[in-house]
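Worth knowing before you read on, the calculation uses all heavy atoms, side chains too, and leaves out hydrogens, waters and symmetry mates.
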Amino acid sequence: FCLSRGRGDVYKREFRIARLASDDLELLHRWRAGDEVAGQALFERHFESIYGFFCNKVGGEAVDDLVQETFLGCVRSKERFREDASFRTFLFAIAHRQMMKYRERWYKARERGADFDEGRAAELDNSPSQLIVEHDEQLLLVRALRRLPLELQVVLELFYWQDLRSLDIAEILELPHGTVRSRIRRAREQLAERLQELSDDPALRASTVRNVEDWLRSLQVRKAAAG
């Protein structure tokens with residue numbers, strides 16, 4: 001049979017997601033049965049995605065610490081995973097909880113009135129980037145993303161970078177699906193506002209805003225060594 005380009009892209013994406021989930025569950029079953037090699041293979045498969053989840057949200061050594069805490073959390077809770085969602089969704093849910101715990105610790109360590117989003121944006125701007133940035137539009141976009149409230153940055157990056165469906169994101173964030181869809185729309189709107197504020201170049205702003213979804217998907221994380 002023949003698929004239109006739009007439908008064909010959706011079909012291939014859904015097939016890839018379903019195949020990945022199937023392979024993950026096979027590895028998980030072997031890991032639960034005592035196969036440590038299968039567990040290691042599962043971690044290596046998802047290490048880069050989890051690293052990417054943290055690298056544009058916190059700076060310094062916190063990224064490595066949060067990645068380690070996420071995988072340790074997976075080890076502790078693997079027997080409780082009910083398999084009513086994909087393993088990838090389960091893993092990102094752990095990563096999100098670790099991110100929220102980090103934010104709580106950040107506030108406790110600072111004076112009253114400190115702002116987490118402002119503090120992390122400044123820290124990230126002054127740290128070596130873990131993202132591969134080859135175009136001015138990408139650099140502008142990265143700076144704009146960092147200036148979104150954390151909850152809005154999270155949904156955009158999960159949707160565009162991690163190729164997760166809004167239903168999966170709702171599972172990860174433990175929110176109603178409608179709330180997540182509204183949050184994605186609000187995140188796009190605020191991202192456009194930040195882009196306008198950060199650039200004095202009308203042509204650069206226009207190029208970035210016009211193709212914002214393509215630029216979002218084009219950003220890649222520098223490969224980090226697992227283990």
Side-chain angles (χ1 to χ4, degrees), residues 8-59 61-102 128-133 138 142 145 153-174 180 184 213 216-227:
D9 288 345
V10 171
Y11 176 81
K12 287 186 286 187
R13 177 175 179 272
E14 295 294 335
F15 179 83
R16 185 173 68 252
I17 292 170
R19 176 62 185 272
L20 179 63
S22 175
D23 291 346
D24 281 348
L25 291 179
E26 179 182 347
L27 287 171
L28 177 63
H29 293 160
R30 287 165 51 191
W31 185 28
R32 282 172 166 170
D35 185 345
E36 295 299 327
V37 173
Q40 183 65 30
L42 204 52
F43 284 1
E44 290 179 357
R45 170 179 289 181
H46 294 286
F47 179 86
E48 192 172 324
S49 293
I50 296 301
Y51 186 89
F53 176 78
F54 292 115
C55 77
N56 199 41
K57 299 179 184 67
V58 298
E61 297 178 357
V63 176
D64 293 331
D65 292 342
L66 288 167
V67 170
Q68 184 177 21
E69 288 168 10
T70 297
F71 283 110
L72 286 174
C74 179
V75 171
R76 289 191 291 265
S77 59
K78 71 179 189 294
E79 301 299 336
R80 298 197 298 272
F81 175 45
R82 299 189 304 273
E83 301 183 27
D84 51 357
S86 71
F87 177 80
R88 192 162 178 253
T89 299
F90 167 69
L91 194 55
F92 272 111
I94 297 173
H96 180 252
R97 287 194 291 272
Q98 293 299 334
M99 186 72 235
M100 295 302 101
K101 290 177 181 178
Y102 174 85
S129 177
Q130 297 302 317
L131 295 168
I132 299 172
V133 177
Q138 291 173 318
V142 167
L145 280 167
Q153 183 185 359
V154 165
V155 294
L156 279 186
E157 293 185 1
L158 287 175
F159 189 76
Y160 288 107
W161 290 4
Q162 305 299 343
D163 205 24
L164 287 162
R165 301 170 300 174
S166 54
L167 274 170
D168 297 323
I169 298 171
E171 184 82 19
I172 290 166
L173 304 184
E174 300 180 289
V180 168
I184 292 172
E213 294 189 2
L216 277 166
R217 290 192 172 97
S218 74
L219 286 166
Q220 297 179 32
V221 177
R222 296 184 190 280
K223 291 187 183 297

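In terms of heavy atoms, Cys74 sits closest to Phe87 at SG-CZ, 3.7 Å. Closest approach of Ser166 and Ile184 over heavy atoms only: CB-CD1, 4.2 Å. Nearest heavy atom pair, residue Ser49 against residue Gln162, reads O-NE2, 3.3 Å. Phe159 approaches Leu164 most closely through the heavy-atom pair CD1-O, 3.4 Å.
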Worked verdict on Val67 versus Phe71 for side-chain contact (heavy atoms from CB on, under 4.5 Å): CA-CA 6 Å; Val67 170; Phe71 283 110; 3.8 Å; yes
His46/Phe92 under ring pair (Phe, Tyr, Trp, His ring centres under 6.0 Å): CA gap, chis, key distance, verdict: CA-CA 10 Å; His46 294 286; Phe92 272 111; 7.9 Å; no
Residues Phe81, Leu25; criterion side-chain contact (heavy atoms from CB on, under 4.5 Å); working and verdict: CA-CA 11 Å; Phe81 175 45; Leu25 291 179; 4.0 Å; yes
Verdict with supporting geometry, Gln40 and Glu36, side-chain contact (heavy atoms from CB on, under 4.5 Å): CA-CA 6 Å; Gln40 183 65 30; Glu36 295 299 327; over 6 Å; no
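One distance of note links OG1 of Thr89 with CD1 of Ile94; it measures 11.5 Å at 0.5 Å rounding. To the nearest 0.5 angstrom, Glu69 atom CD is 13.0 Å from Ile50 atom CD1. In this structure, CG in Asp64 is found 5.5 Å from OH in Tyr51, a value given to the nearest 0.5 Å. Annotation: the span from Arg82 atom CZ to Asp84 atom CG amounts to 4.5 Å, rounded to 0.5 Å. To the nearest 0.5 Å, atom CE of residue Met99 and atom NE2 of residue His96 are 8.5 Å apart. Note that CG of Asp23 and CG of Leu28 are 12.5 Å apart. Values are rounded to the nearest 0.5 Å.
Side chain of Thr70 to backbone of Leu66: a donor-acceptor contact under 3.5 angstrom is found. Remark: the backbone N or O of Arg80 is not paired with any side-chain donor or acceptor of Ser77 at under 3.5 angstrom. Side chain of Arg32 to main chain of Lys78: a donor-acceptor pair is present (N/O by atom type, distance under 3.5 Å, no hydrogens or angles). Counting only distance, with no hydrogens or angles, the side chain of Trp161 and the backbone of Leu216 share a donor-acceptor pair below 3.5 Å.
Counting heavy atoms from C-beta on, the side chains of Leu173 and Val155 come closer than 4.5 Å. For the pair Phe54 and Tyr102, the minimum side-chain heavy-atom distance is 4.5 Å or more. In this structure, Glu157 and Phe53 have side chains that are not in contact, with every pair of non-hydrogen atoms separated by 4.5 Å or more. By the 4.5 Å heavy-atom criterion applied to side chains, Lys57 and Val154 are counted as neighbours. You'll find the side chain of Gln153 reaches within 4.5 Å of the side chain of Asn56, heavy atoms only.
Surrounding CD of Glu79 are more than 12 heavy atoms belonging to other residues, nucleotides or ligands, all under 6.0 Å away. Other residues, nucleotides and ligands contribute at most 12 non-hydrogen atoms within 6.0 Å of the CD atom of Gln68.
Note: Phe43 and Trp31 meet the aromatic proximity criterion, with ring centroids under 6.0 Å apart.
Asp24 and Arg45 are joined by a salt bridge, as a carboxylate oxygen and a charged side-chain nitrogen come within less than 4.0 angstrom of each other.
Side chains of Asp35 and His29: a donor-acceptor N/O pair is absent below 3.5 angstrom, by distance only.
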